[in-house]
Participant: 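My questions all concern the structure below.
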Amino acid sequence: MTEKIRVRFAPSPTGSLHIGGAHTALFNWLWARRSGGTFVLRIEDTDRERSTPEYEQSIMDGMKWMGLDWDEGPDKPGEYGPYRQSERIDLYNKYAQLLIDNNQAYELDGAIFFKVPAGKKIEFDDMVYGHIEVMSENASVNQDGTIKDIVIIKKDGMPTYNYAVVIDDFTMNINTVIRGEDHIINTPKQLLIYDALGFKAPKFAHLPMILGKNKKKLSKRDGATSVFEYHDLGYLPNGVFNFLALLGWSPKNGEEIFTRDEAVALFELSSVTKKAAVLDIDKLNHINQEQMKVMDKTKLLEIIKPFWSNLGLDFSQYTDSYLSSSLKTMGGRGQTTIQLAEFSDYFISFDVVKSRYDASEIDGERIPILKKFYKALIDDCSVWEHSAMEEFTRNWALENGSTMKELAMPLRWSLTGRKVSPGVFDVASQLGREETKKRLTHFNLI
RNA sequence: GGUCCCAUCGUCCAGAGGUCUAGGACACCGCCCUUUCACGGCGGCGACACGAGUUCAAAUCUCGUUGGGACUGCCA
């Protein structure tokens with residue numbers, strides 16, 4: 001019987017949930033759900049200067065947006081709370097005093113320092129990086145190479161990261177620490193403290209970093225930072241989820257497009273990659289498109305609505321049924337919600353069509369025959385449905401010495417104001433016979 | 001500088017000594033499908049950083065070199 005997995009995501013509320021944090025949170029979540037374990041959210045707000053309640057909320061909102069729910073956290077009390085470091089000061093003081101009493105720490109200049117021993121081999125087996133060992137004298141050093149004792153309690157009474165993380169992970173019974181690779185170098189320092197306190201250390205699994213195009217740790221310069229910016233850019237929660245899961249990991253079955261449940265079922269910490277990954281927007285775009293294709297259109301509609309509004313489109317006069325059907329008609333076109341909203345604008349506004357198209361593209365000599373055809377289509381096509389219209393058009397073209405293309409293109413332009421769209425009969429079908437007639441009439445094609 | 005980590009197509013991943021003239025995905029380029037675009041299908045371009053060693057056999061193991069990254073805060 002192995003003990004139940006307890007993992008945690010411990011962000012510092014000094015900013016919104018950025019893509020690197022989301023990646024770490026995602027892998028923790030995946031492992032917790034995969035193993036039937038517990039996912040704890042702990043807020044590391046010991047930096048009085050930069051931490052704010054707003055950022056804390058923003059981080060939780062970001063996680064919720066991605067669909068990463070936690071079992072214990074500031075807003076979900078559990079037996080290991082409180083879940084905010086600023087509310088656990090007594091704990092840090094208690095153990096600091098213990099270290100002082102044991103002569104393993106001392107007070108100086110109002111701060112408390114942990115004594116770093118020399119000549120001790122510190123080693124651990126990282127679940128993804130393997131065996132790592134460092135000599136204690138190298139764990140924390142000054143510029144001149146001498147050992148540097150570790151500050152555990154700052155002058156302002158708050159604990160430092162390397163100390164608080166140990167006390168919390170131990171007291172919260174976290175048995176698997178999954179975090180970014182940038183922390184692997186901090187691990188030896190923490191192990192020293194675990195050891196001094198006689199705590200059993202958890203397992204560690206460090207995750208590869210996510211790099212920007214410049215191959216450097218992702219920074220604000222690389223564009224979007226907060227996961228919400230990805231929302232604003234047109235990405236679906238599932239798109240970001242799927243994309244991020246593929247950074248440093250890939251399912252055994254080779255499938256790259258998957259649902260949350262599939263990811264959970266297939267996730268393996270042991271198959272996480274060591275190499276830092278460069279974030280590739282093209283791939284995100286592709287995955288996002290695939291996720292939009294498989295998403296239930298009723299649900300997608302609710303996500304698209306705000307994007308239509310952003311374009312100044314008023315969809316209030318239409319039913320959700322008509323709108324989601326319109327999205328379905330788009331047939332997977334568009335890689336982002338922004339594109340999908342834009343590409344489908346003619347389904348909710350004829351004004352946008354008129355604003356970008358005035359029928360001047362049509363060869364004047366062809367107008368008579370076009371009028372004749374469109375009138376016939378409106379009046380005589382028995383069923384206003386894609387294949388019926390196509391068959392009607394094909395036959396008419398044959399009988400009147402015209403071609404499909406000659407008849408279809410002007411219709412597309414008039415209906416959508418664009419040269420590119422889904423199948424024109426699909427568009428006409430979705431718009432309805434009356435609306436189609438109205439638009440053709442406006443352009444004097446009927 | 002020091003410590004630690006990493007190293008397969010431009011990018012993300014497969015590959016855990018022979019089945020690798022290295023596989024998939026994205027991007028890119030052709031062709032097909034087609035009323036346009038997208039989707040889809042087919043094909044192309046394109047990588048084991050380098051050097052030693054171990055072995056009958058190395059992308060896979062070892063060492064070194066080179067390159068890249070992280071950390072080096074009383075930030076986390």
Side-chain angles (χ1 to χ4, degrees), chain A residues 10-15 21 44-51 85 108-113 126 129-130 132-135 137-145 148 150-165 179-189 206 208-211 213 215-217 243 246-252 254-257 270-271 273-287 289-290 293 330-335 339 343 390 393-394 397 403-413 416 418-425 427:
Chain A
S12 170
T14 54
E44 309 216 324
D45 58 348
T46 54
D47 183 340
R48 318 279 330 222
E49 301 286 297
R50 302 188 299 146
S51 298
Q85 291 189 324
L108 177 68
D109 294 332
I112 298 178
F113 290 74
D126 192 281
Y129 284 88
I132 292 174
E133 55 179 60
V134 182
M135 288 307 290
E137 58 269 31
N138 288 328
S140 178
V141 295
N142 288 300
Q143 284 293 358
D144 63 7
K148 182 180 185 179
I150 300 168
V151 174
I152 56 176
I153 301 288
K154 297 182 276 185
K155 213 170 192 167
D156 68 359
M158 293 301 254
T160 55
Y161 165 72
N162 280 124
Y163 172 64
V165 77
R179 74 230 301 197
E181 187 246 57
D182 47 343
H183 285 299
I184 157 161
I185 202 147
N186 283 321
T187 309
K189 296 178 202 171
H206 288 89
M209 298 269 84
I210 297 180
L211 276 24
K213 271 286 176 209
K215 302 243 183 186
K216 298 249 191 259
K217 195 173 168 181
F243 174 69
L246 249 16
L247 252 32
W249 177 73
S250 63
K252 204 90 165 107
E255 293 298 329
E256 292 205 314
I257 305 300
S270 59
S271 58
T273 301
K274 297 187 184 113
K275 197 177 75 168
V278 175
L279 190 149
D280 181 15
I281 286 294
D282 285 328
K283 183 98 175 194
L284 206 209
N285 286 335
H286 172 255
I287 289 172
Q289 175 167 33
E290 295 299 318
K293 282 203 276 192
M330 294 310 294
R333 262 155 274 246
Q335 296 191 302
Q339 288 184 338
F343 293 172
E390 179 171 347
T393 306
R394 220 173 270 290
T403 66
M404 196 72 158
K405 187 168 185 170
E406 287 168 342
L407 302 176
M409 283 313 281
L411 179 58
R412 163 171 291 110
W413 298 340
T416 70
R418 289 208 174 87
K419 295 191 173 177
V420 165
S421 81
V424 71
F425 300 121
V427 173

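Every chain is numbered from 1, with letters handed out A, B, ... down the list of sequences. The structure displayed is predicted, hence computed values, not measured ones.
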Participant: Look at the side-chain N and O atoms of A:Arg48 and state whether any lies under 4.0 Å from the OP1 or OP2 oxygen of B:C75.
Facilitator: no
Participant: Picking from B:C75, B:C26, B:C74, which would you name as closest to the side chain of A:Asp282?
Facilitator: B:C26
Participant: Does B:A25 have a Watson-Crick or wobble partner in any strand here, with both distances under 3.5 angstrom, and which is it?
Facilitator: B:U11
Participant: Between B:U8 and B:C39, how far is it from one C1' atom to the other, in whole Å?
Facilitator: 31 Å
Participant: Please report the distance separating the C1' of B:C4 from the corresponding atom of B:A22, rounded so that it comes out in whole Å.
Facilitator: 31 Å
Participant: Give a yes/no on whether any side-chain N or O of A:Thr273 is located under 4.0 angstrom from OP1 or OP2 of B:A7.
Facilitator: no
Participant: Taking the side chain of A:Met409 as its heavy atoms from C-beta onward, which of B:U35, B:C74, B:C75 lies nearest to it?
Facilitator: B:U35
Participant: Using the side-chain heavy atoms of A:Arg333, tell me which of these nucleotides is nearest: B:U3, B:A38, B:C74.
Facilitator: B:A38
Participant: Within a reach of under 6.0 Å around CD of A:Glu133, are more than 12 heavy atoms found that belong to other residues, nucleotides or ligands?
Facilitator: yes
Participant: Nearest to the side chain of A:Arg412 - B:U36, B:C74, B:G15?
Facilitator: B:U36
Participant: Walk me through whether A:Thr160 and A:Thr46 qualify under side chain to side chain contact (heavy atoms under 4.5 Å, CB included).
Facilitator: CA-CA 7 Å; A:Thr160 55; A:Thr46 54; over 6 Å; no
Participant: Rounding to an integer number of angstrom, what distance separates B:A7 and B:G64 when you compare their P atoms?
Facilitator: 16 Å
Participant: Could you list all N or O pairs between the protein and nucleotides 39-46 of chain B that sit under 3.5 Å apart?
Facilitator:
{"unit_1": "B:C39", "atom_1": "O3'", "unit_2": "A:Lys293", "atom_2": "NZ", "d": "3.2"}

Participant: Using the P atom in both, what is the distance from B:G18 to B:A58, to the nearest Å?
Facilitator: 11 Å
Participant: Under 4.0 Å, counting only non-hydrogen atoms across every strand here, what does A:Ala277 touch: a base, just sugar-phosphate, or nothing?
Facilitator: sugar-phosphate
Participant: Please confirm whether the backbone N or O of A:Lys275 pairs with a side-chain atom of A:Thr273, one donor and one acceptor, at under 3.5 Å?
Facilitator: no
Participant: OP1 or OP2 of B:C13 sitting under 4.0 Å from any side-chain N/O of A:Lys283?
Facilitator: no
Participant: Shorter than 3.5 Å, N or O on both sides, protein versus nucleotides 63-72 of chain B: list them out with atom names.
Facilitator:
{"unit_1": "B:G69", "atom_1": "OP1", "unit_2": "A:Lys216", "atom_2": "NZ", "d": "2.2"}
{"unit_1": "B:A70", "atom_1": "OP1", "unit_2": "A:Lys217", "atom_2": "N", "d": "3.3"}
{"unit_1": "B:C71", "atom_1": "OP1", "unit_2": "A:Lys217", "atom_2": "NZ", "d": "2.8"}

Participant: Quote, to the nearest angstrom, the P distance that separates B:A16 from B:U54.
Facilitator: 25 Å
Participant: So what does A:Phe243 hit on the nucleic acid, given a heavy-atom distance under 4.0 Å: a base, only sugar-phosphate, or nothing?
Facilitator: nothing
Participant: Under a 3.5 Å limit for both distances, which nucleotide forms a Watson-Crick or G-U wobble pair with B:C75, could you say?
Facilitator: none
Participant: Would you classify A:Ser51 as touching base, sugar-phosphate or nothing, given that sugar-phosphate means primed atoms plus P, OP1 and OP2, and contacts are heavy atoms under 4.0 Å?
Facilitator: nothing
Participant: Suppose you measure atom C1' in B:U72 against the same atom in B:C26; what distance do you get, rounded to whole Å?
Facilitator: 37 Å
Participant: Say you pick atom P in B:G40 and the same atom in B:A47; how far apart are they, in whole Å?
Facilitator: 26 Å
Participant: Verify, without hydrogens or angle tests, whether A:Asp280 (side chain) and A:Asp282 (backbone) share a donor-acceptor contact under 3.5 angstrom.
Facilitator: yes
Participant: Under 4.0 Å between any heavy atoms, over every strand shown, what does A:Lys275 touch: base, sugar-phosphate, or nothing? Just pick one.
Facilitator: sugar-phosphate
Participant: Could you check whether any side-chain N or O of A:Gln289 sits under 3.5 Å from a backbone N or O of A:Gly332, counting only pairs where one atom can act as donor and the other as acceptor?
Facilitator: yes
Participant: Given that both distances must come in under 3.5 Å, which nucleotide forms a Watson-Crick or G-U wobble pair with B:A16?
Facilitator: none
Participant: Please list each protein N or O that sits under 3.5 Å from an N or O in nucleotides 48-50 of chain B, with the distance.
Facilitator:
none

Participant: What nucleic acid atoms does A:Arg50 come within less than 4.0 Å of, heavy atoms only: base, sugar-phosphate, or nothing?
Facilitator: base
Participant: So how far is it from A:Lys155 NZ to A:Leu108 CG, rounded to the nearest 0.5 Å?
Facilitator: 9.5 Å
Participant: Does B:U55 have a Watson-Crick or wobble partner in any strand here, with both distances under 3.5 angstrom, and which is it?
Facilitator: none
Participant: Which part of the nucleic acid does A:Gly423 contact within heavy-atom distance under 4.0 Å: base, sugar-phosphate only, or nothing?
Facilitator: base
Participant: I want to verify a distance call: between B:U35, B:C37, B:C4, whose nearest atom is closest to the A:Glu390 side chain?
Facilitator: B:U35
Participant: Can you tell me the Watson-Crick or wobble partner of B:U3, both distances under 3.5 angstrom?
Facilitator: B:A70
Participant: Quick one: does A:Phe343's side chain get under 4.5 Å of A:Val420's, heavy atoms only?
Facilitator: no
Participant: Would you mind pulling out the nucleotide paired to B:A49, Watson-Crick or G-U wobble, both distances under 3.5 Å?
Facilitator: B:U65
Participant: For B:U34 versus B:C28, give the span between their P atoms, rounded off to a whole number of Å.
Facilitator: 24 Å
Participant: Do A:Lys217 and A:Asp182 sit within salt-bridge range, that is, some charged N less than 4.0 Å from a carboxylate O?
Facilitator: yes
Participant: What contact category does A:Asn285 fall into here, base, sugar-phosphate, or nothing, at under 4.0 angstrom with non-hydrogen atoms?
Facilitator: nothing
Participant: For A:Glu256, answer base if it contacts any base atom (sugar-phosphate contacts may also be present), sugar-phosphate if it contacts only those atoms, and nothing otherwise; contact means non-hydrogen atoms under 4.0 Å.
Facilitator: base
Participant: For A:Thr160 and B:A76, is the shortest distance between a side-chain N/O and OP1 or OP2 below 4.0 Å?
Facilitator: no
Participant: So do A:Pro208 and A:Glu181 actually touch side chain to side chain, heavy atoms under 4.5 Å?
Facilitator: no
Participant: Just by distance, do the side chain of A:Ser250 and the backbone of A:Leu246 share a donor-acceptor pair under 3.5 Å?
Facilitator: no
Participant: For A:Pro422, report the nucleic acid contact type (base, sugar-phosphate, nothing); a contact means any heavy atom under 4.0 Å.
Facilitator: base
Participant: What is the nucleic acid contact for A:Thr403, judged by heavy atoms within less than 4.0 Å: base, sugar-phosphate only, or nothing?
Facilitator: nothing
